[in-house]
Structure formats: C-alpha cells, structure tokens
Amino acid sequence: MEETWPELLEAKPKVEERALPPLPEADKYPQVVTRFSPNPDCVLHMGSARAIILSWSYARMYHGVFLLRFEDTDPHLKKPSLEFYDSIREDLLWLGCKWDREYIQSQRLGLYYIYAKKLLEEGKAYVCTCQPEVFRRKISARQPCPCREQPPETHLHRWEKMLDGGFGEGEAVVRVKTDLSHPNPAVRDWPALRIVDTGKTPHPLVGDRYRVWPLYNFSSGLDDHLLGVTHVIRGKEHLTNEQRQRYLYHHLGWDYPTAIHYGRLKIEGVLLSKSKIKLGVEQGVYEGYSDPRLATFAALRRRGIKPQAIEEMILEIGLKPVDITLSWDTLYSHNRRILDPVANRYFFVAQPFLLEVSGAEKPFKAVHPLHPEHPERGFRAFEIKPDKGVIRLLVSGNDRPLFTSGAYLRLKNLFNIQVKAFQEGKALASFTGTSHEEAQKGHVPIIHYLPAASNIPSLMVMPDGSRIEGFSEEACKGLKVGEMVQLERWGFARVDAVAPQLTFFYAHK
RNA sequence: GCUCCGGUAGUCUAGUCCGGUUAAGGAUGAAGGCCUCUCGAGCCUUCGACCCGGGUUCAAAUCCCGGCCGGAGCACCA
C-alpha cells in the first residue's frame with residue numbers, strides 16, 4: 001500500500017486555500033490601486049475587516065498599491081482623536097496589511113478648496129444659504145432652490161464669505177449640481193462642503209486653521225481620483241454615494257473607479273457600533289478598547305486570535321453584497337488550526353478543590369510533554385511526594401461531578417485512584433495502581449491536577465469578561481507575555497501578564 | 001413612504017453569467033464512533049439548504065414574471 005499509493009497516505013490539506021475571485025475590471029488599469037479610508041474617531045473592529053483585508057489582498061494579488069487614507073474631515077460630530085491615528089496604524093500592521101502610502105485628509109483641505117472654486121466658477125456647484133427644510137421641500141418636488149439659479153459670481157462671492165467667516169456654522173453649504181429629476185431624492189444636489197466652528201471644536205491635527213470642511217462625498221470622491229484609486233471596496237451603505245459622486249466625476253471629466261460594495265458584517269452576540277463602543281469605554285462599562293467582550297482588533301489580539309485566522313475567514317466570505325452574521329465558532333476553528341501546532345500544553349486547575357490520595361507510599365514523578373506531537377520540545381515534570389502516606393493534589397472544580405464515591409479516575413501520566421468520599425470540600429481517594437493500560441481498559445476518565453504544594457496562583461479572563469481564579473503548574477513560570485498556550489482539557493489562552501499575577505486571556509476551546 | 005440591493009442547511013460559502021456532468025459540493029456546528037494518557041488535534045459516520053407561486057423547456061438553484069421576506073440609503077456623519 002505504502003509503496004503503490006504513497007500519496008493516499010499523505011495528509012491532504014484540510015481546507016483548500018480558497019482563492020479570491022478575480023477583481024472586476026482589473027485589466028482596465030495599468031496598476032491596481034486600493035485604499036482603506038477610516039475615520040480616526042475610534043479604534044478599528046471586525047466591521048472593518050472586510051474593507052481592510054479585501055483591499056489589501058487584491059492590491060497584493062495584482063501587484064498593486066494599497067493606500068491608507070485617514071478621513072478626518074468632521075471636527076464636530078465624528079471628531080477624530082489623536083490616539084486613534086496610531087491605533088489604526090497598529091491594527092493594520094498587526095493584521096499584516098502594510099500600506100504603501102499614507103494620506104490624511106485634514107492636510108489636504110487646500111486641494112479641496114481648489115476644486116470647490118473651480119466647480120463654482122463653472123456653474124457646476126453653488127453655495128446654498130437655504131434653511132435645510134426649505135431646501136428639502138424644494139428638492140423633493142424636483143425644483144431648484146433659489147440659490148441654484150444665481151450666477152457663478154454670486155456663488156464665488158458667497159464662497160469667499162464662507163472662507164473668511166462672513167457666514168456662520170450652518171448658514172451656507174456648497175452643493176454639487178446633479179439631475180434634479182434623479183429618482184432618488186437623496187442624490188439630488190448633495191452637499192459638498194460646510195462650515196464648522198473650529199473655534200469651538202478644534203481639529204486634533206489642524207486646530208482652528210480651517211472653518212470650511214468637505215463632506216464625505218466631496219473629499220473622498222476627489223481623493224479617489226487624485227490618488228489614482230482604481231478599485232473602491234466598501235460597504236453597501238455607500239451605494240448611493242457612488243450615484244452622488246458620479247456627478248462630481250462627470251463635472252470634472254473624470255472616470256469613476258470600479259466600485260465594489262459588500263454587505264454588512266455582524267458577529268453573533270457582539271455590538272459593532274463605534275459610537276456604542278466608545279460610549280461603553282468612556283462610561284467604564286468596558287475596561288478599555290481591548291476588553292474581551294468587544295470585537296475590536298485590540299481585544300481579539302489580546303485574546304490570542306491570530307490575524308491569519310481573521311484573514312482566512314474574510315477571504316472565505318468574499319465580497320458578496322449580502323449581509324452576513326459571522327459565528328465565533330468559525331473564527332475559533334481557523335484560529336485553533338493555527339494555534340494547535342505551536343501552543344505548548346500546561347495544566348491549569350480552575351476553582352480547585354483538594355484531593356487526598358492515600359495508599360501511595362512512595363514519591364512519584366509525573367512527566368508530560370510540552371506538546372504531544374512534538375516530544376522534541378521537551379517535558380514538564382511534577383515531583384509528587386506523600387506526606388504521612390497521603391498525597392495532596394488540586395483538582396479543577398469543573399471535574400467535581402466525576403468525584404462520586406466508588407468512581408475510578410486516572411490522573412494523567414501519574415496513577416489511578418478510586419474515589420472514597422467527598423467531604424468538607426475535599427475529595428478522598430485511594431491509590432489503585434499506576435497502570436495506564438488498566439485505566440484504558442476500564443474506560444476510566446483521565447483528568448489533570450496539580451501538586452497542592454507547588455503551583456502558581458493564576459487568573460483566567462474569559463471572553464464574557466468574567467474572571468476565574470485558579471492555579472497553573474510550576475513550568476508556567478517560564479511563560480512570556482503574549483505567548484499562546486493550551487491549558488489541557490480547558491482551552492487555548494494567551495498569557496496577558498506574568499506579574500503581579502500570572503494572567504491568561506481565554507481564546508477558545 | 002421614496003430609491004436601491006439581495007434571498008442556497010443554525011452560521012459562512014461553491015454552483016447562478018453560458019439551464020443538464022452534483023442524489024446541490026465544502027467549511028463550521030451538533031450527534032455518534034475510532035485513535036490519542038487533554039474535553040485539543042487527527043480519522044470515519046450521521047444530521048441539515050436551493051424563500052414561495054406561476055411560466056419557458058425534454059430538463060431550472062440556475063432564464064422570465066408575480067409575490068413574500070431581509071438589508072442599505074434618504075445628514076451641513078463617514
């Protein structure tokens with residue numbers, strides 16, 4: 001068999017690497033350019049994973065360019081904050097999505113002004129001073145507001161007034177002309193630039209230097225062309241923005257890039273709302289942005305979810321325009337496949353109780369491999385000595401149901417016992433032999449344990465934020481922060497701290 | 001309400017463009033078994049889906065029409 005069909009015996013790859021579908025219209029451009037354009041008003045979370053990973057992967061797949069562009073043009077409602085520029089860069093790097101060039105829109109306002117003025121001059125945009133309700137009424141009736149009819153000179157004059165403070169916040173807005181009879185009222189004569197009183201709400205990067213700020217469709221629309229973006233990959237909430245921006249492109253004689261709109265991404269049982277995450281952190285509901293209950297990249301990182309697992313899952317999902325609800329199980333399964341070969345094994349007993357074994361007169365040494373498939377990595381060993389004929393061990397509280405009197409158990413790599421009783425919070429048992437074979441024959445459950453005399457008090461932080469006290473084995477002294485381990489019969493966890501107390505963040509089973 | 005988009009197992013996905021090669025494939029999950037001195041990994045088995053109704057056709061998940069359901073947008077947010 002081995003000789004005839006060696007390939008049949010080879011382990012075949014579990015999951016075939018699913019290639020991304022070809023990028024539409026990739027051959028239309030000399031070089032593919034994609035971008036990720038976050039607002040630095042919060043940390044990144046799984047909701048952005050699609051935009052980041054798809055944009056980056058396609059750029060790489062086509063030997064193109066991936067841009068990072070901070071869209072920090074709202075100093076008021078979605079106010080950017082200095083810390084988030086850096087946290088976003090950090091998250092991207094962690095995800096393995098390094099960008100080729102970086103842009104910050106708040107540094108580019110002068111550029112946007114040039115195009116605003118040009119459109120005003122050419123009668124393709126106008127400065128509207130109507131009350132919002134008045135404008136809305138006119139526009140929904142497919143009628144021009146009074147401002148629209150004014151000559152370019154008037155608008156140029158109003159534009160100057162916007163820039164030099166002649167208009168206050170909310171008193172004037174630049175609108176891009178569109179087809180007034182467009183079926184969707186939302187695209188008709190959309191607003192392009194507005195006034196923000198940065199004296200009151202200064203921008204973290206440019207302070208109060210500017211008072212006229214572009215809106216999303218204007219700055220993003222201009223930049224996509226100006227920076228040579230060929231493929232815009234974003235959520236389907238931007239579908240109507242494409243309609244709006246096409247008018248801008250038409251006015252300027254540009255071709256609109258290829259736009260791909262994917263569906264919204266949810267994760268079961270988790271909120272992915274930036275504003276709610278921010279609020280929760282500010283109010284102390286969450287312990288910072290890496291609180292294990294959150295699906296921020298910071299939190300996933302802290303729990304030991306590997307970026308490759310996220311990437312694999314996102315690539316699997318692709319770019320369909322349907323909304324999807326991801327399951328943690330799928331993510332965990334990807335992560336486990338990555339972790340299992342690398343994570344060394346240790347014992348951790350959660351909320352333990354004492355087990356006293358009598359009848360074992362001599363000292364024992366239990367030897368466990370650091371990894372069952374990799375004996376070359378070495379072993380951990382427990383020295384276990386009886387004290388006046390009794391061996392004292394700690395056993396995980398989860399295993400309490402196994403301790404019914406008369407039950408047989410095997411202590412892994414140590415010996416077999418029979419439970420006598422459980423009283424006063426501790427289990428009493430008697431030594432019945434060391435034979436593993438015997439235990440196997442009797443289908444005796446195998447459990448883990450710790451010497452009561454030597455162990456390390458530890459803390460386990462669970463995904464729901466709860467904390468479980470417990471003890472880990474002495475060998476855990478050598479662990480470093482960030483290391484991934486598998487706590488046998490418990491699950492995978494990341495070492496989050498070694499002092500003052502050894503602390504694990506639970507990843508998954 | 002208006003303007004769009006979409007509906008394959010619990011979840012994710014392949015197939016839909018160019019109708020038959022598939023008794024609708026894979027992953028995840030659940031249940032069971034084998035193996036393993038972990039409840040992990042590995043191996044095997046089982047469970048489970050084309051939103052509904054018409055039409056076209058020898059043949060429809062795939063094409064057409066209608067309905068139903070779900071989602072997004074309708075900001076001087078991004």
Side-chain angles (χ1 to χ4, degrees), chain A residues 11 14-16 18 21 37-41 71-74 76-80 105 128 130 132 135-136 139-140 169-175 182-188 190-196 212-213 215-217 219-220 234-244 261 263-268 274-275 312-314 316-318 320-334 336-337 339-341 343 345-347 366-369 371-373 398-399 410-414 416 435-437 439-440 444-448 486-492 508-509:
Chain A
K14 276 117 243 150
V15 202
E16 39 276 39
R18 179 105 75 59
S37 42
N39 179 351
D41 66 336
E71 305 206 328
D72 54 347
T73 57
D74 181 5
H76 189 198
L77 274 95
K78 288 189 179 172
K79 196 181 164 104
Q105 288 193 320
C128 178
C130 296
F135 174 81
R136 207 167 301 141
I139 211 75
S140 39
E169 196 174 280
E171 287 177 0
V173 60
V174 176
R175 293 185 179 281
H182 191 283
N184 187 352
V187 329
R188 297 176 201 154
W190 50 271
L193 300 106
R194 87 305 205 174
I195 296 165
V196 179
V212 176
W213 286 82
L215 274 326
Y216 173 77
N217 283 297
S219 46
S220 190
R234 67 199 354 163
K236 69 176 181 184
E237 65 270 23
H238 290 293
L239 234 21
T240 49
N241 288 328
E242 177 180 348
Q243 298 305 308
R244 287 190 264 242
H261 296 101
R264 277 183 100 87
L265 184 148
K266 286 185 287 189
I267 308 187
E268 53 184 19
K274 287 212 270 184
S275 54
E312 280 171 23
M313 187 168 68
I314 295 298
E316 205 167 85
I317 286 160
K320 297 207 300 186
V322 289
D323 293 344
I324 55 167
T325 307
L326 291 177
S327 85
W328 286 106
D329 283 332
T330 311
L331 215 211
Y332 293 163
S333 154
H334 281 109
R336 196 179 295 122
R337 197 152 37 229
L339 253 30
D340 189 67
R345 272 56 169 169
Y346 296 97
F347 282 177
V367 179
H368 319 283
H371 193 290
E373 272 93 58
N398 319 48
D399 289 329
R410 170 151 182 93
L411 303 175
K412 192 179 180 186
N413 292 320
L414 187 61
N416 308 326
S435 163
H436 173 232
E437 214 170 88
Q440 262 183 322
V444 170
I446 296 170
I447 63 166
H448 66 293
Q486 192 212 44
L487 303 167
E488 292 194 45
R489 304 205 311 131
W490 234 84
F492 292 89
H508 48 75
K509 220 165 143 188

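Every chain is numbered from 1 and lettered A, B, ... according to where its sequence line falls, protein lines coming before strand lines. Note that this is a predicted model, so its numbers are computed, not measured.
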Here's a test of your reading of the structure: between A/Val196 and A/Lys266, which maps to the more 5' nucleotide of RNA chain B? A/Lys266
Write down the distance between CD (A/Glu242) and C1' (B/A78), rounded to a whole number of angstrom. 17 Å
Under 3.5 Å for both donor-acceptor distances, Watson-Crick or wobble: does B/G53 have a partner, and if so which one? B/C65
With sugar-phosphate meaning primed atoms plus P, OP1 and OP2, does A/Pro183 contact a base, only sugar-phosphate, or nothing at under 4.0 Å between heavy atoms? sugar-phosphate
Pairwise 5' ranking along RNA chain B for A/Leu414 and A/His182, keeping only the more 5' one: A/His182
Answer with base, sugar-phosphate or nothing: what part of the nucleic acid does A/Asn39 contact at a heavy-atom distance below 4.0 Å? sugar-phosphate
Does any N or O donor sit under 3.5 Å from an N or O acceptor when you compare the side chain of A/Glu268 with the base of B/U11? no
Donor-acceptor pair, A/Asp41 side chain versus A/Lys79 backbone, under 3.5 Å? no
Would you mind classifying the nucleic acid contact of A/Thr73 as base, sugar-phosphate or nothing, using non-hydrogen atoms under 4.0 angstrom? sugar-phosphate
Taking the same atom, P, in B/G55 and in B/C47, what whole-Å distance lies between them? 33 Å
Let me know which of A/Arg234, A/Glu237, A/Lys320 forms a side chain to side chain donor-acceptor pair (under 3.5 Å) with A/His261. A/Arg234
Whole Å only: how far is the CD atom of A/Glu312 from the P atom of B/U13? 16 Å
For nucleotides B/A59 and B/G15, find the distance between their P atoms and express it as a whole number of Å. 26 Å
How would you label the contact of A/His436 with the nucleic acid (heavy atoms, under 4.0 Å): base, sugar-phosphate, or nothing? base
Which part of the nucleic acid, if any, lies within contact of A/Asn416, taking any heavy atom under 4.0 Å across all strands shown: a base, the sugar-phosphate backbone alone, or nothing? nothing
Checking all strands, does A/Pro372 fall into the base, sugar-phosphate, or nothing category for heavy-atom contacts under 4.0 angstrom? base
Reckon A/Arg264 touches a base, only the sugar-phosphate, or nothing at all at heavy-atom distances under 4.0 Å? sugar-phosphate
Does A/Arg244 use its side chain to pair, donor to acceptor, with the backbone of A/Trp190 at less than 3.5 Å? no
Quick note, A/Thr240 side chain, CB onward, closest among B/G73, B/U13, B/A78 is B/G73
Hey, does A/Asn398 reach any base, or is it just sugar-phosphate, or nothing, if we go heavy atoms under 4.0 Å? nothing
What's the CZ-C1' distance between A/Arg345 and B/U38, to the nearest Å? 8 Å
No-H, no-angle donor-acceptor pair, A/Glu373 side chain to B/G40 base, under 3.5 Å: yes
A/Glu71 near the nucleic acid: base, sugar-phosphate alone, or nothing, with a heavy-atom cut-off under 4.0 Å? sugar-phosphate
For A/Phe492, which contact category applies under a 4.0 Å heavy-atom criterion: base, sugar-phosphate, or nothing? sugar-phosphate
Spacing of A/Ile139 atom CD1 relative to B/C2 atom P, expressed in whole Å: 19 Å
Return the nucleotide paired to B/G48: Watson-Crick means purine N1 to pyrimidine N3 with N6-O4 or O6-N4, wobble means G-U with N1-O2 and O6-N3, both under 3.5 Å. none
